[in-house]
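Computation of the quantities below employed the complete heavy-atom set of this structure, encompassing side-chain atoms and omitting hydrogens, waters and symmetry-equivalent molecules. Below, read A as the first sequence line, B as the second, and so on, with proteins coming before strands; counting in each chain starts at 1.
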Amino acid sequence: MRIGYPCVNESLDCTATSTFRLASYSDERVELAVANNLGCLLRILQFNVAQGLLFFRIGSGIVPFGSHPVNVFPWQTRFADEFRAVGDYIKAHHMRVSFHPDQFVVLNSPDAGIVERSIQELVYQGSMLDLMGLDSTHKLQIHVGGLYGDRELAISRFIDTYRRLPAAVTARLVIENDDRLFSLQDCLRVHAAVGIPILFDNFHHECLNHGEPMMEALRLAAATWHPERDGVMMMDYSSQALGERKGKHTATLEEDLFRNFLVDVGDLDVDIMLEIKDKEASAQRACGILRDVGRIAILAGATTE
DNA sequence: AGCCGTCAAGTTTAC
DNA sequence: GTAAACTTGACGGCT
């Protein structure tokens, strides 16, 4: 089991998502930004290894305007060595990484232009994993998309689009249950049609479900991951921010809730991405809790033998 | 030097 | 019909 956090490290003064405005686009700025971002990404990964955090979500903005037609800079060849070095580091330390294209990637949109731009974004993000030399256990996670007033049609449109995706994308694409529109059950239907793994989000499941207990939901999602092709299940973990709008992520890890969640996880192998505002601070505490729970389990085992 | 409106992209929900 | 939320920093024009 690995624990990680998304995109931003708050301890280091180094950001892997530096960018600039479209209006000030130039090839030179792309080159500067990518050099900075890959350098910072490696530093963040080194920091993570030192902390025992072996799961990390890489931000979408490593290459500014990476899938935009304005960007014709040959970053794939210019930074081939740097991407390869990052990938070598990840493999050497048995880390796992993912990408989470943001809300503009909507594969089930009725607008063909939006679908095409979405596919290009997925191709861009997948190509970074290719350049790093990372296999299909490193994933691209998206949501099913919009509802457009007709759930059946929306799901079937996702399936149709999925079948047209390039193999480099489908090898890595996973869908996540969301908190308002597409539940775990909806994702399971998409999985049944095309075999796409489901990245389980416990907090979204708490917000939107059909009565499945957490332990059952985890096992349903885990069964959608093909061990050799996909690796162990990835999941997002969070909890409700107290006193805030329903669905708002907590600012910091609620340790008791996380400890209880690990009990539900049991002996299921899963890599956990903490979607929590204070990033690596909570991730480090989560690692400590995981070690405690493991130690207690070992002690409990010892006393019964 | 510091303030602060704005930033490629989509969709839903609240007002 | 328009704006906020998703999530968030930081770009960059302006004083």
Problem - P-based separation of C:dT8 from B:dC4 [nearest Å] - result: 23 Å
Problem - Rounded distance in Å - NZ (A:Lys248) to P (C:dA4) - result: 15 Å
Handout entry: Pairs where residues 189-252 of chain A contributes a residue and the test disulfide (SG to SG under 2.5 Å) is met, not counting sequence neighbours
Key = none
Handout entry: P gap between B:dG5 and C:dT7, integer Å
Key = 23 Å
Completion exercise
Distance col, row A:Asn177:CG vs A:Asp201:CG, nearest 0.5 angstrom, shows 5.5 Å
Exercise for the section: Indicate, with yes or no, if the rings of A:Phe258 and A:Tyr237 have centres closer together than 6.0 Å. Expected result: yes
Practice task
On the 0 to 90° scale, with breaks at 30° and 60°, tag the A:Phe20-A:Tyr25 ring pair as parallel, tilted or perpendicular.
Solution key: tilted
Practice task
State the OG-CZ distance between A:Ser183 and A:Arg189, to the nearest 0.5 angstrom.
Solution key: 9.0 Å
Handout entry: Length of the CZ-C1' vector between A:Phe65 and C:dC11, whole Å
Key = 10 Å
Problem - same_hphob_cluster(A:Leu188, A:Val174) at 4.5 Å side-chain heavy-atom cutoff - result: yes
Practice task
Using the salt bridge (Lys or Arg N to Asp or Glu O under 4.0 Å) rule, collect all pairs that involve residues 21-50 of chain A, keeping only residues at least two apart or in two chains.
Solution key: A:Glu31-A:Arg78
Problem - Interatomic distance, A:Tyr5 OH vs C:dT7 P [rounded to whole Å] - result: 19 Å
Handout entry: A:Asp256/A:Arg259 ion pair, N-O < 4.0 Å
Key = yes
Practice task
Could you tell me the separation between the CG atom of A:Asp178 and the P atom of C:dT7, rounded to a whole number of Å?
Solution key: 11 Å
Practice task
Nearest whole angstrom, please: distance from the C1' of C:dA5 to the NE2 of A:His204.
Solution key: 13 Å
Handout entry: Interatomic distance, A:Leu32 CG vs C:dC11 P [rounded to whole Å]
Key = 12 Å
Fill in the blank from the handout: ring pair (Phe, Tyr, Trp, His ring centres under 6.0 Å) filter on A:Phe200, not counting sequence neighbours, yields A:His205
Handout entry: Residues A:His100 and A:Glu176: side-chain donor-acceptor under 3.5 angstrom
Key = yes
Handout entry: Near-strand residues of residues 271-282 of chain A, defined as heavy-atom separation under 4.0 angstrom from DNA chain B
Key = none
Exercise for the section: Provide the distance between the two P atoms, one in B:dT12 and one in C:dG9, to the nearest whole Å. Expected result: 27 Å
Handout entry: Remaining members of the apolar cluster that contains A:Met215, side-chain heavy atoms under 4.5 Å
Key = none
Polar-atom pairs under 3.5 Å, protein N or O versus N or O of nucleotides 3-6 of chain B: list them with distances, or write none.
residue, atom, partner, partner atom, Å
B:dT6, O2, A:Arg21, NH2, 3.0

Distances for protein N/O vs nucleotides 13-15 of chain C N/O pairs under 3.5 angstrom?
none

Handout entry: Rounded distance (Å) that lies between atom P of C:dT7 and atom CD of A:Glu10
Key = 15 Å
Exercise for the section: Please list all pairs passing the side-chain hydrogen bond (donor to acceptor under 3.5 Å, both in side chains) test where one or both residues lie in residues 217-230 of chain A, with sequence neighbours left out. Expected result: A:Lys139-A:Asp230
Problem - Reported CG-to-CZ distance for the pair A:Leu38 and A:Phe79, which is rounded to 0.5 angstrom - result: 6.5 Å
Practice task
Give a yes-or-no answer on whether the side chains of A:Gln240 and A:Glu254 include a donor-acceptor pair shorter than 3.5 Å.
Solution key: no
Handout entry: Charged N-O contact under 4.0 Å between A:Asp135 and A:Lys91
Key = no
Exercise for the section: Go ahead and write out DNA chain C as dot-bracket, 5' to 3': ( ) for pairs within the strand, [ ] for ones crossing earlier pairs, | when the partner sits on another strand, dots for unpaired; Watson-Crick or G-U wobble, both distances under 3.5 Å. Expected result: ||||||..|||||||
Exercise for the section: Rounded to the nearest angstrom, tell me the gap between atom OH in A:Tyr25 and atom C1' in B:dC7. Expected result: 17 Å
Practice task
Determine the Euclidean distance between corresponding P atoms of B:dA8 and C:dT2; express it in Å to zero decimal places.
Solution key: 22 Å
Solution key, residues 54-70 of chain A side-chain donor-acceptor pairs under 3.5 Å, sequence neighbours excluded:
residue, atom, partner, partner atom, Å
A:Arg57, NH1, A:Glu275, OE2, 3.1
A:Arg57, NH2, A:Asp236, OD1, 3.2
A:Arg57, NH2, A:Asp236, OD2, 3.4
A:Arg57, NH2, A:Glu275, OE2, 3.1
A:Ser60, OG, A:Gln125, NE2, 3.2
A:Ser67, OG, A:Glu121, OE1, 2.5
A:His68, ND1, A:Val70, N, 2.9

Handout entry: Sequence neighbours excluded - disulfide (SG to SG under 2.5 Å) pairs with any residue from residues 8-41 of chain A
Key = A:Cys14-A:Cys40
Fill in the blank from the handout: Scoring nucleotides 10-15 of chain B by protein non-hydrogen atoms under 4.0 Å (B base, S sugar-phosphate only, - none) yields BSSS--
